[in-house]
Amino acid sequence: AYADAAADADYAAADADAAAYAARKAFWLAIRDRLLAELAAAASITKPRSRPMTTDTQEPAAVPRDVFSRISVVVGDITAQPYVDVIVNAANESLLGGGGVDGAIHRAAGPKLLEACRVLGGCPTGSSRMTPAFCLNANLVAHAVGPMWQGGDKGEPALLAHAYRSAMRMAGLHAAGIVALPAISTGVYGYPVDLATKIAVREVIAALLEWTSMSVRLVCFDEKTAIVYQHELFSFFHEWGLAGGHVLDLPDCSAGGSK
């Protein structure tokens, strides 16, 4: 009788897990279908390509300690990250693919991603657009267009902040639990890593304050970038008085995937 009761409990737990999985799958399929419908509708619409208003990077008014536990730093391939709801792509204005992270995401997602991006008609610098992830190990892709570095006096900081802010808001509005985020504009666009990470960290933390069920995985191309992120995270939390009088636990840089 005890064995029968234990078996019944196991079956009930398995059924509950299956029901939860089915509900989550249905949720994301509904979002995918809605996005595909929006993409189809967008094919006949000419979208304005005006730049967003350029404002300074936002500073959160207060940062609770739990925010830090929702940020991780890894070195690896952003297309091979496990358990991700949204992958952020460091895209160009055409949204039609390119080099670096952009090219890797398009190759991993397959040709349907290019088709979906083509009907969007591009995206201005400092903004983002959302598509399904197709063959990627994720549900959605937020294509964020960061600025090319031109010395820092052409509005680059505000445009980079807007790109991060737009992508994170897109992810939040689609109920993303885990977001994989690259170092936008630090590749062929030439934005200095130390300057870009200051903006990225502040925008990510601001987003995590707004979207309290979201976690962010900062996926770095190399260990050098990951170390800069770790240093900036430590500096930020120390600045806000969250390091206390002890050593602050920093996220580990776990190597993995292609660089």
Side-chain angles (χ1 to χ4, degrees), residues 21-47 49 74-125 127-146 163-164 166-189 214-222 255-259:
Y21 172 80
R24 183 169 178 80
K25 182 177 180 181
F27 172 78
W28 283 111
L29 286 175
I31 288 180
R32 183 201 64 184
D33 292 343
R34 189 181 74 193
L35 279 169
L36 288 173
E38 291 174 355
L39 286 167
S44 60
I45 298 174
T46 302
K47 298 183 178 297
R49 296 180 58 82
V74 300
V75 178
D77 182 352
I78 197 168
T79 68
Q81 296 300 305
Y83 314 116
V84 173
D85 294 312
V86 174
I87 291 177
V88 176
N89 179 24
N92 58 46
E93 287 193 338
S94 75
L95 299 183
L96 301 181
V101 169
D102 193 10
I105 287 175
H106 272 265
R107 287 191 297 273
K112 288 186 177 181
L113 181 61
L114 180 59
E115 294 175 16
C117 288
R118 198 182 301 279
V119 303
L120 292 174
C123 176
T125 298
S127 296
S128 66
R129 300 287 185 267
M130 189 76 86
T131 66
F134 298 104
C135 295
L136 285 164
N137 186 26
N139 297 301
L140 302 167
V141 177
H143 304 267
V145 182
Y164 275 109
S166 177
M168 296 301 292
R169 180 164 179 77
M170 285 269 195
L173 289 173
H174 287 85
I178 301 177
V179 178
L181 191 65
I184 298 171
S185 287
T186 61
V188 294
Y189 278 15
M214 182 190 293
S215 295
V216 171
R217 191 177 301 158
L218 299 167
V219 184
C220 302
F221 176 79
D222 54 23
S258 64
K259 299 180 182 179

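Applying the side chain to side chain donor-acceptor pair (under 3.5 Å) rule to His143 yields the partners Asn89, Thr131; only residues at least two apart in sequence or on another chain are considered. Qualifying side chain to side chain donor-acceptor pair (under 3.5 Å) partners for Asp85, counting only residues two or more places apart in sequence or in other chains: Arg24, Asn139. Applying the salt bridge (charged side-chain N to carboxylate O under 4.0 Å, His left out) test to Asp102 and every residue at least two apart in sequence or in another chain returns nothing. Judged as a side chain to side chain donor-acceptor pair (under 3.5 Å), and not counting sequence neighbours, Ser185 has no contacts. Legend: residues meeting side chain to side chain donor-acceptor pair (under 3.5 Å) with Arg169, ordered by chain and number and at least two apart, are Glu210.
Looking only at distances, a side-chain donor or acceptor of Tyr164 sits under 3.5 Å from a matching main-chain atom of Ile184. Side-chain atoms of Glu93 do not come within 3.5 Å of backbone N or O of Pro124 as any donor-acceptor pair. Here the side chain of Ser166 pairs no donor or acceptor atom with the backbone of Ala163 at under 3.5 angstrom.
Taking every heavy atom of both residues into account, Leu95 and Ala91 meet most closely at CD2-CB, 3.9 Å. Shortest non-hydrogen contact noted between Ala180 and Gln81 is CB-CG, 4.5 Å. Contact record, Ala133 with Ala138: CB-O, 3.4 Å, taken as the closest heavy-atom pair. Closest heavy-atom contact between Ala167 and Ser128: N-OG, 3.4 Å.
With Val141 as reference, Leu136 is the one residue of Val86, Val88, Leu136 to meet the side-chain contact (heavy atoms from CB on, under 4.5 Å) rule. Evaluated for a side-chain contact (heavy atoms from CB on, under 4.5 Å) with Thr79, the options Val84, Ile105, Val101 yield exactly one hit, Ile105.
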Is there a side-chain contact (heavy atoms from CB on, under 4.5 Å) between Met168 and Val216? Walk through the geometry before answering.
CA-CA 9 Å; Met168 296 301 292; Val216 171; 3.4 Å; yes

Criterion side-chain contact (heavy atoms from CB on, under 4.5 Å) on Val219 and Asp77, from CA distance to verdict
CA-CA 7 Å; Val219 184; Asp77 182 352; over 6 Å; no

Do Tyr83 and Asn137 pass the side-chain contact (heavy atoms from CB on, under 4.5 Å) test, and can you show the C-alpha distance, the side-chain angles, and the key distance before you say yes or no?
CA-CA 8 Å; Tyr83 314 116; Asn137 186 26; over 6 Å; no

Would you please test Ile87 and Ile78 for side-chain contact (heavy atoms from CB on, under 4.5 Å) and show each step?
CA-CA 8 Å; Ile87 291 177; Ile78 197 168; 4.1 Å; yes

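The CE atom of Met170 sits 8.0 Å away from atom OG of Ser127, with the distance rounded to the nearest 0.5 Å. Atom CE of Met130 is separated from atom CG of Leu173 by 8.0 Å, given to the nearest 0.5 angstrom.
In this structure, the side chains of Arg107 and Cys135 stay at 4.5 Å or more apart for every pair of heavy atoms. At least one side-chain heavy atom of Val179 sits less than 4.5 Å from a side-chain heavy atom of Met214.
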Could you pull out every donor-acceptor pair under 3.5 Å between side chains of residues 112-122 and any protein atom, sequence neighbours left out?
none

